[in-house]
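Labels below follow one simple rule: chain letters A, B, ... track the order of the sequence lines, proteins then strands, and each chain is numbered from 1. Being a predicted model, the structure only gives us computed values, none of them experimental.
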Amino acid sequence: MYVFNFSNIGFRHINGRTVLQDYSASYIDNERTIITCADGHGGKMYIRSNLGSKFASEATINVLKRINKEAISKKKREITATSIRLSILCEWNSLVEQHLNNHKIRKKEIANLDDCQKFELSKRPRSAYGTTLTGAMAIGDKLIVVSIGDSECLGIKKGEIVTIFNNDDEPVGNVTYSMCQEDAFNHLKVSIMNIKELDGVLLCTDGLSTPYQSYDNLNESFIKPTVSRLKLDNDYSKIRKKIKSIAEKEGTGDDVTLSFMLFDHLKVKYYRRN
Amino acid sequence: MNDRIAKEKLNVILVVDTSKSMAGERISQVNQAIRDIKDYLVNLQVENSNVDFYLSIIQFSTESSFINDNREVNVDKFKFDNLKCCGWSNLHCGYQKLEEILKKQSHGGVMPDFGGTSPIILLLTDGHPTTTEYKDELVNLNNSPWFKAAIRYGIAIELHDKRTMGVLKDFVGDNGDVIDCYSSSMLKNIIKIIVLTASKVKSSSATVGNGQVINQNQLVRQEINEALADVDQWGW
């Protein structure tokens with residue numbers, strides 16, 4: 001299996017002297033492979049979103065590590081999916097609480113906020129850590145995928161993109177669901193499927209997807225060349241170089257993150273560009 | 001995507017009543033406004049490295065259609081033949097066309113699958129719709145995330161009828177305003193103020209972070225209201 005994760009700061013954040021707000025990770029043991037990808041919100045109020053995305057990633061790995069093959073048997077699948085949603089949110093909120101207890105929000109951090117935003121943060125300090133989250137775990141012959149917000153969870157199969165979640169009713173135009181909102185449980189989605197249904201799964205933040213605008217363009221101009229080159233030369237450094245270029249030069253200036261796992265049954269012939 | 005800075009896409013959509021009552025001064029003002037808007041947006045696109053502007057013109061009378069059969073076209077390539085008027089005012093047909101394009105590209109619409117800026121939509125009419133079917137079509141439109149996010153303006157052309165003002169108010173909802181154009185000689189300038197102000201504000205903040213779009217729409221409304229307040233000083 002090919003496993004990859006990488007994040008690169010975007011040129012708008014470099015120019016604005018802010019930090020990388022995306023976060024990604026991967027975890028591999030004898031039983032499972034986990035990848036994550038999270039996009040800390042860029043709005044002014046989200047002063048600790050770089051930590052929010054890191055905690056979202058950690059929470060996901062911690063929770064998915066506790067899932068065993070038995071828990072995703074057909075009978076238990078629904079209960080397990082609900083439990084994963086709840087556990088990830090509890091774990092994330094707990095990490096945020098811990099951090100807030102040890103690092104109170106300082107005046108310096110909120111100096112640029114207006115009174116309304118300051119009031120909002122004093123009421124709900126965890127908003128400071130607002131982030132999206134996507135994650136995937138391959139365990140045995142099953143795949144678990146989780147998602148909240150406008151980062152993408154894309155399956156690939158025989159050279160085509162397969163959308164894992166229906167996002168037709170998701171907000172559009174720079175509005176997104178977030179780990180920090182009160183009703184996050186209603187928007188955190190979990191899907192459990194057979195690995196054979198896909199050749200691989202890709203998670204990415206909008207810094208990568210937005211410049212390509214459409215699924216077709218993303219597939220033809222990025223996914224297919226990435227997959228076919230990797231299968232040919234096994235060189236991950238070229239992918240990191242491309243992501244760096246999108247973040248710092250070609251893209252919208254947002255941070256760019258890509259995580260993926262490609263399964264052994266993937267056939268490269270489907271990923272040659274049309 | 002080539003080796004260049006990727007641009008955001010900003011759709012400007014005009015839904016124009018071309019029923020018989022719009023003939024004469026009214027439609028000629030609309031036609032001139034569309035030409036002026038095109039020229040302005042081409043310049044704005046050249047100046048602004050962040051945004052590409054796309055125009056969609058939907059005309060509705062007895063039936064509805066896109067100008068030149070183009071559901072959207074980059075302002076740079078936009079070609080325009082004057083709108084002509086005849087027939088009834090079947091607003092529901094216009095709403096159907098609007099709904100058709102306010103979908104993601106992968107679902108047959110013109111909005112991007114990823115990212116994107118909420119569009120600017122302008123509805124112009126001078127009379128009450130011929131049938132009531134527009135109500136059902138508006139329900140469908142209100143289910144579209146892109147319609148909900150769009151900044152929406154209604155222009156009431158020489159209308160002195162509360163019922164029709166209600167139709168326009170339902171269209172804009174909480175995401176825009178209805179402007180009363182009490183003389184058709186003002187129409188061209190009112191259309192231009194709305195489209196150009198909204199385009200300028202939206203294009204200058206097209207890449208703001210998450211959660212900012214609501215404030216952005218409020219900013220657009222504020223700027224438009226200020227521009228329209230100066231209307232008496234324009235010496236029309």
Legend entry - A:T252 OG1 to B:F114 CZ distance, which is reported to the nearest 0.5 Å: 13.0 Å
Inset, instruction - Any chance you could measure B:D113, atom CG, to A:D216, atom CG, to the nearest 0.5 Å? - result: 7.5 Å
Legend entry - Proximal to chain A - members of residues 99-112 of chain B, heavy-atom separation under 4.5 Å: B:K104, B:Q105, B:S106, B:H107, B:P112
Legend entry - Where B:P145 and A:V172 come nearest, the two heavy atoms and their spacing: O-CG2, 3.4 Å
Legend entry - Residues in side-chain hydrogen bond (donor to acceptor under 3.5 Å, both in side chains) contact with B:Q59, at least two apart in sequence or another chain: B:S65
Inset, instruction - Please name all residues satisfying salt bridge (charged side-chain N to carboxylate O under 4.0 Å, His left out) with A:R124, sequence neighbours left out, ordered by chain then number. - result: A:E182
Legend entry - NZ/A:K158: more than 12 non-hydrogen atoms of other groups inside 6.0 Å: no
Inset, instruction - Taking atom NZ of B:K192 as the centre, report whether more than 12 heavy atoms of other residues, nucleotides or ligands fall under 6.0 Å from it. - result: yes
Legend entry - Within 6.0 Å of CZ in A:R229, more than 12 heavy atoms from elsewhere: no
Legend entry - A:D115 CG: over 12 foreign heavy atoms closer than 6.0 Å: no
Inset, instruction - Examine whether an atom of A:N167 lies under 4.5 Å from a heavy atom of chain B, and if so say whether it belongs to the side chain, the backbone or both; otherwise answer neither. - result: both
Legend entry - Over 12 non-hydrogen atoms of neighbours within 6.0 angstrom of CD in B:E63: no
Inset, instruction - Heavy-atom distances under 4.5 Å only: say whether A:E170 touches chain B with side chain, backbone, both or neither. - result: backbone
Inset, instruction - Name all residues meeting the salt bridge (charged side-chain N to carboxylate O under 4.0 Å, His left out) criterion together with A:R17; count only those two or more places apart in sequence or in a different chain, and write none if there are none. - result: none
